[in-house]
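All remarks here apply to the structure that follows.
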Amino acid sequence: GNSVTQMEGPVTLSEEAFLTINCTYTATGYPSLFWYVQYPGEGLQLLLKATKADDKGSNKGFEATYRKETTSFHLEKGSVQVSDSAVYFCALFTGGGNKLTFGTGTQLKVEL
Amino acid sequence: DTGVSQDPRHKITKRGQNVTFRCDPISEHNRLYWYRQTLGQGPEFLTYFQNEAQLEKSRLLSDRFSAERPKGSFSTLEIQRTEQGDSAMYLCASSLGSGPGDEQFFGPGTRLTVL
């Protein structure tokens, strides 16, 4: 079956530090890959996506590249801000599965 | 606000009681999903609808759970004879289509606490 593995949190960084949150997946077929973000007290929001191998998704300074050879979709940001503090979820979608399969989430805390 | 809405936002109930949650998707969206999220975990799929047809149910959805989407608009999720293990956040999402890149838009969730 499909599964997503994320690095465990919490991840604590100083403002302007470089961020990497690792995500690897197992899937049948050719999944689409997503990063969702959940800010404190708010619902899940799509951060970025990639639908085929070697695609790069980007939004709000965050980037992730769909690497089929390593079955990975790591999230990166060059300079984090306090406002980036949230829980980040990696997820995949396959047409055959008709649903999103999520990782367990990684909490990011950014301090001044 | 034209996003996905859910009602109620919070529900506290006693074990053995029945509860019903409502989800109003974005108006033109054909697909509607229900997920459950427990503390420290990612959302887990429960079921989904294509218009009014319920097309898939997870093994997580025991026979105490039932979901409907009459007329392909809003959806309800009912849990009968609640158990403490049902305590979770219940999330609803909708999408315009079923393609690989179609974004699922999530509602704020209904937090259920079973005492």
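Here the structure is a predicted model, which means the values were calculated and not measured. Order of the sequence lines fixes the chain letters, A, B, ..., with proteins taken first and strands second; residue numbering starts at 1 for each chain.
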Could you go through the side chain to side chain contact (heavy atoms under 4.5 Å, CB included) check for B/Glu103 and A/Phe34 one step at a time?
CA-CA 9 Å; B/Glu103 179 181 352; A/Phe34 302 83; 5.7 Å; no
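Within a 6.0 Å radius of CD in A/Glu8, no more than 12 heavy atoms belonging to other residues, nucleotides or ligands are found. Heavy-atom neighbours of A/Glu42 CD from other residues, nucleotides or ligands within 6.0 Å: above the threshold of 12. For B/Arg64, the CZ atom is densely surrounded, since the number of other residues' heavy atoms within 6.0 Å is greater than 12. For B/Leu39, the CG atom counts as loosely surrounded, since its 6.0 Å shell holds 12 or fewer non-hydrogen atoms of other residues, nucleotides or ligands. Enclosure of atom CG in B/Leu55 by more than 12 non-hydrogen atoms of other residues, nucleotides or ligands within 6.0 angstrom is indicated.
Note on B/Phe105 and B/Leu77: separate hydrophobic clusters, where clusters join Ile, Leu, Val, Met, Phe, Trp and Tyr whose side-chain heavy atoms are under 4.5 Å apart, directly or indirectly. By the criterion of side-chain heavy atoms lying less than 4.5 angstrom apart, applied directly or through intervening Ile, Leu, Val, Met, Phe, Trp or Tyr residues, B/Phe45 is not grouped with B/Leu32; the two fall into different hydrophobic clusters. Cluster membership for A/Val87 and B/Tyr90, using ILVMFWY side-chain heavy atoms within less than 4.5 angstrom, is not shared. Criterion: ILVMFWY side-chain heavy atoms under 4.5 Å apart, direct or through other members. Under it, A/Met7 and A/Leu33 are part of a common hydrophobic cluster. Taken together through direct or relayed side-chain contacts under 4.5 Å among Ile, Leu, Val, Met, Phe, Trp and Tyr, A/Trp35 and A/Val37 form part of one hydrophobic cluster.
Counting all heavy atoms, side chain and backbone alike, B/Tyr33 lies closest to A/Lys99 at CE2-CA, 4.3 Å. Looking at every heavy atom in both residues, B/Gln104 comes nearest to A/Tyr36 through O-OH, 3.0 Å.
Listed for the B/Tyr35 side chain is a donor-acceptor partner under 3.5 Å among the backbone atoms of A/Leu100.
At a 4.5 Å heavy-atom cutoff, the contact between B/Leu91 and chain A is made by side-chain atoms alone. Contact of A/Gln45 with chain B is not made at all, since no heavy-atom distance falls under 4.5 Å. Contact annotation for B/Gln37: only side-chain heavy atoms (C-beta onward) come within less than 4.5 Å of a heavy atom of chain A.
The distance from the CG atom of A/Leu46 to the CZ atom of B/Phe106 is 9.5 Å, given to the nearest 0.5 Å.
Residues of residues 11-19 of chain A placed with any heavy atom under 4.5 Å of a heavy atom in chain B are absent; none qualify.
Between chain A and the options B/Gly42, B/Ser58, B/Pro43, the largest number of non-hydrogen pairs under 4.5 Å is found for B/Pro43.
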